[in-house]
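Some notes on the structure that comes next.
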Amino acid sequence: MAYMITSDCICCQACEWECPNQAISERISQYVIDPARCTECLGESGSPHCADICPVNACQPDPENHESLEQLLAKARSLHSRKRTVHVSA
Ligand code: SF4
């Protein structure tokens, strides 16, 4: 599922620079994640980068955007198809 930014966000901007998919942007003093671009960092090293770096734990899985592993993988491949191949190990 995509991640979301909760109201605990302090707008420190740290997550925006960490996202490999440019899924995070600022909207009227609130940072938001575009679920169409969030892949949970699938194919990247480690866990979701935004959640890892957030100092107030404001990046959380979005219960409104459930996606299967296959759907996330298809999204990651679509977003990065021209840049590189996405590999996922089981
Ligand atoms: Fe971006 Fe990864 Fe956070 Fe999704 S989980 S918004 S892809 S940094």
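Order of appearance sets the numbers: ligands from 1, and atoms from 1 within every ligand.
In this structure, the side chains of P55 and C12 come closer than 4.5 Å at one or more pairs of heavy atoms. S25 has its side chain within reach of V32: a pair of non-hydrogen atoms, C-beta onward, lies under 4.5 Å apart. Counting only heavy atoms from C-beta outward, the side chains of Q30 and I5 approach each other to under 4.5 Å. Using a 4.5 Å cut-off on side-chain heavy atoms (C-beta onward), N21 and H80 make contact.
For atom 3 (Fe) of ligand 1, the closest non-hydrogen atom on the protein side is C50 SG, 2.3 Å. Residue, atom and distance of the protein heavy atom nearest to atom 1 (Fe) of ligand 1 are C19 SG, 2.4 Å.
For the pair E40 and ligand 1, a heavy-atom separation below 4.0 Å is found.
Interface of P48 with ligand 1, defined as ligand atoms under 4.0 Å from a residue heavy atom, comprises 5 (S). Short contacts between ligand 1 and N21, defined as distances under 4.0 Å to a heavy atom of the residue, involve ligand atoms 7 (S).
Inclusion of C38 in the first shell of atom 4 (Fe) of ligand 1 is supported: an N, O or S atom falls under 2.8 Å. Put simply, C41 stays out of reach of atom 3 (Fe) of ligand 1, with no N, O or S atom under 2.8 Å from it.
Cluster membership check: Y31 shares its hydrophobic cluster with Y3, using side-chain heavy-atom separations under 4.5 Å among Ile, Leu, Val, Met, Phe, Trp and Tyr.
Looking at Q71, its side chain does come within 3.5 Å of a backbone N or O of S68 through a donor-acceptor pair.
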